[in-house]
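To start, the structure under review is shown below, and the notes come after it.
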Amino acid sequence: MKYIQDGQLDISRIDDCISVDTRETFLRWIAQANLTVSKSRRTEYGQAFRLIKQEGSHTLKCEDGKLVMPKYIFQFED
């Protein structure tokens, strides 16, 4: 939740080293949203979001290594 600002979670703005659990959560949300035509989903916490893919990639620093991935934004609904 600490990564959400103004209703968005922008993967490319994360410079911290994130935990394995956080990485797995982000990847699960991305995979679930990508399975829908609308690119929308709800988190396990009940928050509705839409996944927005941007140009380029970002290296996410994780406890267990680095993950190069597309730049994604999770746009959360109120």
Using a 3.5 Å cut-off and no angle test, enumerate the donor-acceptor pairs between side-chain atoms of residues 60-72 and protein atoms at least two apart in sequence or in another chain.
from  : atom 1 : to    : atom 2 : distance (Å)
Lys61 : NZ     : Asp15 : O      : 3.0
Asp64 : OD2    : Arg23 : NH2    : 2.7

Query - Close side-chain approach of Ile14 to Leu9, heavy-atom, < 4.5 Å - result: yes
Query raised in the report: Can you tell me how far the CD atom of Gln32 sits from the NZ atom of Lys39, to the nearest 0.5 Å?
Result: 13.0 Å
Report task. Decide side-chain contact (heavy atoms from CB on, under 4.5 Å) for Asn34 and Leu51; before the verdict, give the C-alpha distance in whole Å, the side-chain angles of both, and the deciding distance to 0.1 Å. Result -> CA-CA 8 Å; Asn34 274 324; Leu51 186 66; 3.8 Å; yes
Query raised in the report: Under the salt bridge (charged side-chain N to carboxylate O under 4.0 Å, His left out) test, which residues partner Glu55, sequence neighbours left out?
Result: none
Query - Verdict with reasoning, Glu44 to Arg28, per salt bridge (charged side-chain N to carboxylate O under 4.0 Å, His left out) - result: CA-CA 10 Å; Glu44 56 271 31; Arg28 183 174 51 255; 2.9 Å; yes
Query raised in the report: If you round to the nearest 0.5 Å, how far is CG of Leu35 from CZ of Arg41?
Result: 7.0 Å
Requested in this report: Verify, without hydrogens or angle tests, whether Asp6 (side chain) and Gln8 (backbone) share a donor-acceptor contact under 3.5 angstrom.
Outcome: no
Report summary line: Residue set satisfying ring pair (Phe, Tyr, Trp, His ring centres under 6.0 Å) with Phe74, at least two apart, ordered chain then number -> Trp29, Phe49
**Report entry** ILVMFWY cluster, Ile11 and Ile18 together (side-chain gap under 4.5 Å)
**Finding:** yes
Query - Inter-residue atom distance Glu77.CD - Arg50.CZ, 0.5 Å rounding - result: 9.0 Å
Query raised in the report: What about Tyr3 and Leu27, same hydrophobic cluster or not, with Ile/Leu/Val/Met/Phe/Trp/Tyr joined at side-chain heavy-atom distances under 4.5 Å?
Result: yes
**Report entry** Polar contact flag, side-chain donor to acceptor under 3.5 angstrom, Ser19-Thr22
**Finding:** yes
